[in-house]
Each structure stands twice: as structure tokens, then as C-alpha cells.
Amino acid sequence: MPIGIFDSGVGGLSVLREIRRLLPRHDLIYYGDSAYCPYGLRDPAQIRSRSLTIARFLADRGAGPVVVACNTASIAALDYLRGLLAVPVVGMEPAVKPAAEGTRNGRIGVLATQVTLAGDRYNNLKEKFARQAEVVSVPCPGLVEMVEAGLTTGPAVEELLSECLSPMIGRKVDTIVLGSTHYHFLREAVQKVAGPDVLVIDTARAVACQTRRVTGDTVTPEEGRWAFFTSGQASGVQPVVRALLDDQELTVTEKPL
Ligand code: DGL
């Protein structure tokens with residue numbers, strides 16, 4: 001069975017990459033909802049409906065499990081999807097727990113979308129694991145769009161990051177959680193702006209480990225194949241996917257849903 005993976009756009013490729021590393025013989029199907037990106041500014045009801053449409057598309061192509069490689073969609077739609085789909089659904093959440101466990105000065109920053117930060121799931125996470133810590137949660141509108149455009153380094157990215165990170169840097173956090181899968185690709189820029197003493201973490205690897213627990217290590221002798229679909233324009237999305245995955249051969253197919 002292939003593993004289905006989706007995100008609002010190209011951010012979930014960070015999770016796909018980790019899954020690929022851990023499960024190189026599994027076939028993967030990826031759907032990026034770039035025509036509806038960013039999810040972080042949308043109504044949660046619309047995110048639930050988009051997520052269900054995409055998850056069904058993946059399940060209909062034989063995928064199981066379906067991995068919600070998007071913090072925003074997981075916050076808004078995970079329980080909903082699990083209630084409606086027959087296949088296992090793997091979700092994700094900002095790495096608040098490891099950050100709260102690892103912080104030395106009790107101060108952590110979380111960079112995530114508005115929808116994620118306003119979600120009950122996120123607030124429960126803080127309540128459960130980070131009661132003793134000071135958590136500085138900050139949205140950063142515009143950042144996801146930069147990654148969608150293939151911009152992950154350089155002055156424009158750093159300028160926006162300096163603005164967004166300033167409340168957490170001002171509070172001297174020692175750990176920054178990248179709470180959107182898109183931000184994974186900005187790690188270097190975040191580290192540069194925050195300084196070398198700040199630990200920058202996310203959950204791409206943990207989600208891949210959870211996916212392996214769900215699928216088991218089933219293997220064919222060959223390398224797995226991957227298929228990429230987008231609701232956006234393939235001519236714009238494909239070069240970004242190729243650059244982010246450092247693979248000039250792969251093809252992205254346009255598939256509006
Ligand atoms: N990549 C997504 C996340 O993990 C969503 C970003 C967005 O579409 O706003 O939160």
C-alpha cells in the first residue's frame with residue numbers, strides 16, 4: 001500500500017523527505033493543495049472540507065495510512081478525518097512537548113500559523129506539556145507564501161523573520177519550535193536570525209517514525225516510487241518541488257479537486 005501524504009502546499013515535502021529516508025521502499029503519493037494555500041488564514045471549516053477531499057483522493061488511490069503533513073490541517077481536521085476515513089490517519093503537532101522538556105531557561109518560542117495557534121489542540125498541548133514554561137507563540141503571515149514561491153534564504157526571508165521572531169528573541173527563548181511544515185525549509189534562516197545559541201526544532205522526523213510504526217517495515221525489493229499532485233499550476237509548483245527535494249527529474253501533475 002502506498003503512503004499518502006498531503007499539505008496545504010509544498011511544506012509537507014519536509015515530512016515526505018523524512019518518510020522517504022526511513023521507508024525507502026514504500027511508494028508515496030503526495031498532494032499539495034497549493035491553489036488553496038495558505039491554510040493558516042482560512043476558516044477551519046474550509047480546511048476540514050479540503051482535507052477530507054484530499055484524504056479521500058489519496059485513499060481512493062490505495063493509500064494507507066494518510067499522513068497529514070501539515071500542522072494547520074492537523075489542528076483543524078485530524079479528529080474529523082479519523083472519524084470518517086477507514087484508513088489510519090497520522091497527524092502532527094508543533095513540538096511543544098520536546099521543547100518544554102529540553103529548555104534550559106524555561107522559555108520557548110513557537111512559530112506557527114494563526115489557525116494552529118488558535119486551535120484547541122494547540123492550547124491543550126501547552127496546557128498538558130508546557131505549564132511550567134513561558135511559551136511565546138507567534139504567527140508570521142507571509143512566510144508560507146515565500147516558501148511556496150521557492151524562497152527559503154536571503155534578505156527578504158531574513159527581514160520578515162527578524163520581525164516575526166523579535167517577540168521571542170526579546171524574551172530570550174532558548175528553543176524555537178517550527179510549527180509549520182513549510183518553516184522546516186527556513187531552518188537555516190531562522191537559526192541565522194535567532195543566533196547560534198537557540199535550538200531550532202520541528203517534528204518532521206517524529207512524524208516519519210510514527211508513520212513507520214503504523215505501516216511496519218513492509219518492503220518490496222525495489223525502491224519505492226513517488227507521485228506528486230497539486231491543485232495549483234504544475235508549471236509553477238514543479239520547479240519549487242524539484243528545488244526543495246533537490247531532484248530535477250520528478251514530475252508534478254496538476255489535479256484540481
Ligand atoms: N504547512 C502548513 C502547516 O504545517 C500550513 C501552512 C499554511 O498553509 O498556512 O501549518
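As the structure lists them, so they are numbered: ligands from 1, and atoms in each ligand from 1. As the structure is a prediction and not an experimental result, all values here were calculated from the model. Positions are given from 1 along the sequence.
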Ligand-side contact atoms (ligand 1) for residue partner S180, heavy atom cut-off under 4.0 Å: 1 (N), 2 (C), 3 (C), 4 (O), 6 (C), 10 (O)
Shortest protein contact, atom 7 (C) of ligand 1 (heavy atom only): Y39 N, 3.3 Å
Does a side-chain heavy-atom distance below 4.5 Å link L178 with F185? no
Using distance alone, decide if ligand 1 has a nitrogen or oxygen within less than 3.5 Å of any nitrogen or oxygen in G40. yes
Going by an N to O cut-off under 4.0 Å, is there a salt bridge joining E18 and R212? no
If you group Ile, Leu, Val, Met, Phe, Trp and Tyr by side-chain heavy-atom gaps below 4.5 Å, do M168 and V135 land in one group? no
Looking only at distance, does T116 have an N or O less than 3.5 Å from an N or O of ligand 1? no
Under-4.0 Å heavy-atom contact with ligand 1, by part of T181 that carries it: both
Ligand 1 versus S8: contacting region, heavy-atom distance under 4.0 Å: side chain
Is it the case that E148 and S34 place a side-chain donor and acceptor less than 3.5 Å from each other? yes
Pairing donors with acceptors under 3.5 angstrom, does anything connect the side chains of S180 and N71? no
For D7, the ligand 1 atoms whose distance to one of its heavy atoms is below 4.0 Å: 1 (N), 2 (C)
Ligand 1 atoms in contact with C37 (distance to a heavy atom under 4.0 Å): 8 (O)
Y31/F228 aromatic ring centres below 6.0 Å: no
Is there a side chain to side chain contact (heavy atoms under 4.5 Å, CB included) between V241 and V10 once you walk through the steps? CA-CA 7 Å; V241 173; V10 297; 4.1 Å; yes
Strictly by modelled atom types, are T113 and T72 linked by a side-chain donor-acceptor pair under 3.5 Å? yes
With a 4.0 Å cut-off on heavy atoms, does P38 reach ligand 1? yes
Test salt bridge (charged side-chain N to carboxylate O under 4.0 Å, His left out) applied to E188 and K192, step by step: CA-CA 6 Å; E188 214 177 281; K192 188 168 170 194; over 6 Å; no
For the 3.5 Å polar cut-off, considering only N or O atoms, please tell me whether T113 and ligand 1 meet it. no
Considering heavy atoms of the protein only, find what lies nearest to atom 1 (N) of ligand 1 and give residue, atom and distance to 0.1 Å. H182 ND1, 2.7 Å
Shortest protein heavy-atom distance from atom 10 (O) of ligand 1, along with the residue and atom involved: T72 OG1, 2.5 Å
Residue and atom name of the nearest protein heavy atom (relative to atom 2 (C) of ligand 1), distance in Å to one decimal: C70 SG, 3.3 Å
